[in-house]
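Comments concern the structure below.
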Amino acid sequence: MDRGTERDRPPSRGAGSRAAPEPADTGRIPLAVVVVDRAGLVSHWSSGARRLFGVGKDQAIGRHAIDLLPVSGALPDIDDGPPHEEYAPYDGLGPGLGTSLDGGLGYPSAGRARLTVPEPSGTEVASADACGRNRADVLWWAYPLVGPGSERLLVLAADAEALHRPGTEDGTIVERIAPGFALHTDFPGAEDLARRLPEILPSMSVGDSARIVSQVLELGYPVLEFSQNDRVPVTPDWGVARRVERRVRRERAARAAASGRPLSKEPDEGEDLEYVAVRERLEFLNEVSRKIGTSLDLARTIGEVSRAVVPRFTDVAGTYLREQVVAGEGFPDGVPDTRTMWHRVALEHTDEPGRWDDVVPVGEAMPFPAHTPFFQCMTSGEPVLVPRISEQLGHAIAAQFDKRDIRPLITGRSMLVVPLKARHVVLGFMILLRHPERAEFNDMDRVTGAELAARAGLVLDNARMYTHQENVAETLQDSMLPHIPPRMAGCDIATRYLPGTLLGRIGGDWFDSVKLPGARTALVVGDVMGHGLNSAAMMGQLRTAVQTMAALDLPPAQLLRNLDDLAQRLGETYLATCLYAVYDPIAGELHLANAGHIPPVLVRAGDGRSELLDLPTGAPIGVGGVPFEAARVRVAPGDRLVMCTDGLVEMRGEDIGVGLATLCESAAHPAASMDDACDTIIRALNTRGGRKDDVALLLARLNGIGPDDVAERTFPLDPAQAGRARAVVREQLHDWGLAQLAGPAELMVSEVVTNALRHSHGRPVTMRLVRGDTLLCEVDDDDHELPTLLSAGPDDEAGRGLRVVSTLAREWGTSRTAAGKSVWFELTLPRR
C-alpha cells in the first residue's frame with residue numbers, strides 16, 4: 001500500500017526497506033503490504049513488497065499468493081535454530097501464514113521467519129551469504145478481511161534487521177512493535193479499504209483502529225511503529241514481538257565475552273522470558289480493566305467483558321450468568337446445582353459470521369450436568385483448564401444441546417472455564433476456547449484467566465446492583481404513575497413519561513389529573529430533584545398528598561403552601577417543583593399556581609398561536625417560608641395546555657430558552673389526535689441529543705362545556721321543593737334526549753335535595769345538571785358538615801338516602817365549598 005517510487009515518500013520517514021532507517025524520533029520504517037482476494041490471488045503488491053521479497057509488482061499481481069509467499073516446511077525457532085547459512089533451504093513464512101492464505105484461519109495471526117529471496121536487478125535487498133543467496137529476517141502479520149469487497153486477507157511484513165540502529169550499545173531500539181498502514185497508495189480501492197478499517201478488522205479495539213485510521217490519513221505510506229507504549233493490535237500468541245529482544249541479548253552476551261566484560265548481573269534467558277511473559281500478562285490485565293466497567297448498564301458491561309478478551313487472549317468467549325443476575329433481582333443465594341439455570345448473555349468469536357449463532361444463540365437458558373467442566377467451575381469457584389477437548393468430552397458436552405451438534409465447534413480446541421465471582425458467590429462463568437492451530441491454554445493462562453474473571457466479576461456485580469436498584473425504582477415509579485383516563489369533564493388528556501438516558505435514569509418526575517366538584521379537573525406536573533429510589537419514593541408521597549388535597553378542593557396557592565409544609569416535615573433534603581392548574585370547563589377558565597416549575601404553554605385554538613404563560617413563580621417545594629400566588633387565565637374551547645418537566649426542554653450546553661422556544665413551536669403544530677400532538681413534541685425535543693433527565697409531559701385539550709349543556713336551579717328552603725326538583729330533572733332530561741335516565745335521576749335527586757333542604761341553615765339550595773361524557777348532578781347547601789354513608793337497620797328512619805345514591809350512581813361524592821358543602825353523583829349516558 002506504499003507509493004510506487006521513493007520520491008513519493010516523505011524523506012523523513014526512511015527510504016528503502018533493506019537499508020536501516022536513519023536515527024530519528026519517529027520510530028517508523030516502511031512495510032511491505034500484500035492484499036489477497038477471495039480467489040487466493042494477489043490484488044495488491046506494494047513497492048515495499050517488491051524490495052522485501054524481490055518480486056516486482058507486474059510479476060505479482062494476479063498470481064497465487066501461496067506461490068509468492070511460500071509456506072512449506074516447519075517454522076524454525078529464530079533464536080534457538082542453526083546458524084544463518086543453514087536457513088537457506090527454508091523458504092517460507094510459516095504454517096500460520098499458509099493456513100491464512102488458504103482461508104483456514106478466521107482470526108489474525110503473526111509470526112517471524114527467515115526466508116531466501118532473489119535479488120532483483122538494481123535493488124539492494126539483503127546481504128548475500130557465501131552461496132550468493134539473499135536472506136530476509138521477516139516479521140509478518142495476517143489479518144482476515146471480513147467486510148464487503150473482494151479482498152480476503154491483508155498481509156503486512158517488515159524487515160526485522162531494520163529494527164536495529166547502528167551505534168547503539170545493544171543494537172536494539174524496540175520493546176514493542178505494531179504495524180500500521182496508510183492512504184495515498186497505488187492500488188484501486190485503497191481509500192475505501194482505509195475507511196473500512198474498523199469494519200474489516202472487527203477484532204481490533206476502537207482505539208487501535210482509530211489510531212491506524214489516523215495514520216492512514218496522515219502518513220501516506222505503510223509503516224512499522226515501535227515504541228515503549230504500543231502493542232501489536234492483534235497478537236494471537238504472547239511474545240511474538242519480543243523475539244528481537246532475545247536475539248539481541250545473545251549478541252550482547254557475545255560482544256561482552258569478546259571484550260572480557262562480566263555478565264554476572266544479567267538474568268539468564270529463562271528468567272528473562274519469564275519476566276517478559278509475566279509483565280505482558282499484567283499489562284494485558286490492566287488494559288482489560290480500563291476497557292470494562294465504563295458503564296453501570298449490565299448489558300453493556302457484559303459486552304465489554306467479552307470483547308476485551310477476543311482475540312488477544314482467546315478466539316471464542318461465551319458468557320453465562322445466573323437467572324437472578326439477568327433478571328436484575330437480588331443477590332443469588334446458595335451454591336449452584338444441576339437445576340440452576342444459566343443464561344447465555346454474550347458470545348464473541350473470530351470464526352466466520354453466523355457460525356455460532358444458530359447452534360448456541362445468545363439468550364438461551366440451560367442447566368449444566370454435574371459431569372461437565374462448567375459444573376465443576378461453578379460449584380468450586382475455580383478455573384477449569386482443558387488443554388484439548390477430546391472426542392469423548394466433546395460428545396458429553398454436545399449431549400446438552402438437543403438436536404444441535406456442537407462438536408465441530410469445540411472438539412480439538414483448548415478450553416478454559418473461569419468463574420465470575422463477587423463476594424464469594426458465583427454470578428456466572430466464561431467459556432474461553434482457542435482454535436486448534438493456536439497454542440493451548442497453560443497454567444499461566446489459568447492464572448491470567450482467574451484474575452481476569454475476578455476483575456470482570458467485580459464490574460458485573462456493580463452493574464448488577466445498580467440494575468437491581470434501577471429495577472426497584474422503576475417498578476416503584478411505574479406503580480405510582482397514574483393511568484389517566486383520556487377524557488375528563490370538558491377536556492381530553494394525553495401523557496408521556498420518558499426515563500433518563502444516562503446514569504440515574506429513574507427520577508422523580510410525575511403527572512396527574514384529579515376530578516373536582518363542579519365538573520372541574522385538576523392538572524398536575526411535578527419534579528422531585530435528584531434521581532434513584534429515594535426520589536421515586538418522595539415523588540409517590542408528594543403525588544398522594546396532592547391528590548388528597550385536591551379532593552378537598554383547596555385553591556391552587558393554598559395547596560402548594562400545604563405541600564411545602566409537608567415536604568419540610570418529610571426531610572430537609574427534599575426539594576421539588578410543581579405546577580398545579582384547575583380547569584373549569586363551564587366558566588372557561590384556568591386557575592394556576594407555580595412552585596419553581598417551568599411555565600406551561602397555552603396554544604390558542606383561534607389562530608394557532610402558542611405562548612408561555614407568565615405566572616407568579618414561587619420557590620420550589622421544600623424551601624419553606626415562601627408565599628405562593630395564583631393566576632387566572634381565560635381559555636376558549638379547543639385551546640391546548642402543555643405542561644412538562646425541565647428534562648424535556650433542558651439540554652446540556654444549551655440555554656433553556658432554546659428548549660422552551662422549541663416547545664412552543666412544536667406544541668403549536670397541528671395534530672390529528674392528542675397522542676399525535678404528544679409525539680410531535682417528543683420528537684422535536686428528544687432528538688436534539690444531550691438529554692439525561694427523565695421527562696413527564698401532560699397535554700390537555702380544553703374543550704369546555706357550553707351553556708346548552710348546563711341547567712341550574714335554586715330552591716327555597718321548603719320541603720315541598722323536593723318534588724319541584726324531580727320535575728325539573730325530568731323535564732331537562734327529556735329536552736336533552738335522555739328520558740331513559742329520568743327514573744334513577746329523579747330518585748337520587750329527591751334524596752339529595754331533601755337532605756340539603758333539611759340541613760341548610762338559611763341559604764337556598766342549588767342544583768346543577770351538566771351533560772358531558774356523563775350526566776352530572778350537583779346539589780349545594782350552606783351546611784359544612786359532610787354526610788356519611790350509614791348502615792340503616794329495618795327500624796331506622798334515616799340513613800337510606802346515600803345508600804340509594806351509592807347503589808344507583810356511576811360515581812358519587814361529597815366535598816366542602818366556600819359556602820358549605822356539595823353532594824354530587826354521575827350517571828352513564830346511554831349509547832347512541
Side-chain angles (χ1 to χ4, degrees), residues 482-493 512-523 547-548 550-553 582-588 637 700-715 722 725-756 765-781 786-790 800-817 820-832:
H483 299 284
I484 295 178
R487 296 185 64 86
M488 300 287 282
C491 64
D492 298 332
I493 299 176
D512 209 345
S513 68
V514 183
K515 179 186 294 186
L516 301 179
R520 294 170 302 149
T521 300
L523 305 171
Q547 282 191 328
T548 302
L552 297 175
D553 203 13
V582 175
Y583 173 53
D584 188 338
I586 298 175
R701 181 167 59 205
L702 312 177
N703 300 319
I705 297 177
D708 293 341
D709 292 319
V710 179
E712 187 170 334
R713 298 290 187 273
T714 300
F715 305 103
R726 291 195 297 269
V728 169
V729 169
R730 183 170 56 254
E731 293 172 5
Q732 187 62 60
L733 294 184
H734 276 277
D735 291 344
W736 282 342
L738 301 175
Q740 57 267 56
L741 297 180
E746 286 184 57
L747 180 57
M748 287 187 285
V749 164
S750 179
E751 295 293 341
V752 174
V753 170
T754 298
N755 285 337
V765 172
T766 302
M767 180 184 72
R768 181 164 62 175
L769 297 175
V770 180
R771 181 180 60 175
D773 295 329
T774 63
L775 176 65
L776 170 66
C777 176
E778 295 179 314
V779 177
D780 296 351
D781 61 64
L786 299 180
T788 57
L789 191 62
L790 301 175
R800 293 184 176 84
L802 288 183
R803 179 70 62 181
V804 172
V805 173
S806 65
T807 302
L808 299 179
R810 178 178 181 268
E811 287 186 63
W812 74 279
T814 63
S815 61
R816 287 188 172 89
T817 63
K821 71 173 184 294
S822 177
V823 180
W824 59 270
F825 64 83
E826 289 183 357
L827 288 173
T828 302
L829 296 182
R831 294 182 179 180
R832 296 182 179 178

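Computed from a predicted structure; not experimentally measured. Positions are given from 1, in the same order as the sequence printed here.
Atom CG of L775 is separated from atom CG of L769 by 6.0 Å, given to the nearest 0.5 angstrom. To the nearest 0.5 Å, atom CD of residue E811 and atom CG of residue L776 are 10.0 Å apart. The CZ atom of R816 sits 4.0 Å away from the CG atom of L786 when rounded to the nearest 0.5 Å. In this structure, CG on D781 lies 13.0 Å from CZ on F715, to the nearest 0.5 angstrom. Taking CG from L829 and OG1 from T774, the interatomic distance works out to 6.5 Å, rounded to the nearest 0.5 Å. Distance check: L802 CG to F825 CZ gives 11.5 Å after rounding to the nearest 0.5 Å.
Residue T828 comes nearest to L741 through the heavy atom pair O-CD2, 3.7 Å, listed as atom of the first residue, atom of the second, then distance. Residue S513 comes nearest to T521 through the heavy atom pair CB-CG2, 4.3 Å, listed as atom of the first residue, atom of the second, then distance. Between I705 and R771, the closest heavy-atom pair is CG2-O, 4.3 Å. Of all non-hydrogen atoms in L827 and R810, the two that sit nearest each other are CA-CB, 4.3 Å. Nearest approach of P787 to V823, heavy atoms of both residues: CG-CG2, 4.0 Å. For the pair S815 and P517, the tightest heavy-atom approach, listed with the atom from each and the gap, is OG-CG, 2.9 Å.
Between the S806 side chain and the R803 main chain, a donor and an acceptor come within less than 3.5 Å of each other. For the pair W736 (side chain) and D708 (backbone), a donor-acceptor distance under 3.5 Å is present.
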**Request:** Mind running side-chain contact (heavy atoms from CB on, under 4.5 Å) on E746 and L733 for me, showing each step along the way?
**Result:** CA-CA 10 Å; E746 286 184 57; L733 294 184; over 6 Å; no
**Asked** Where do V729 and C777 land on the side-chain contact (heavy atoms from CB on, under 4.5 Å) test, with the steps shown first?
**Response** CA-CA 9 Å; V729 169; C777 176; 5.6 Å; no
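You'll find the side chain of N703 reaches within 4.5 Å of the side chain of D492, heavy atoms only. Under the 4.5 Å side-chain criterion, counting only non-hydrogen atoms from C-beta, P830 is in contact with L738. Annotation: side chain of I493 is in contact with side chain of M488 (closest heavy-atom distance under 4.5 Å).
The side-chain hydrogen bond (donor to acceptor under 3.5 Å, both in side chains) check on S750 picks up R726, with sequence neighbours excluded.
A salt bridge links K515 to E826: one of the charged nitrogens lies within less than 4.0 Å of a carboxylate oxygen. Contact check on D780 versus R768 returns no salt bridge, with no Lys/Arg side-chain nitrogen under 4.0 Å from an Asp/Glu carboxylate oxygen.
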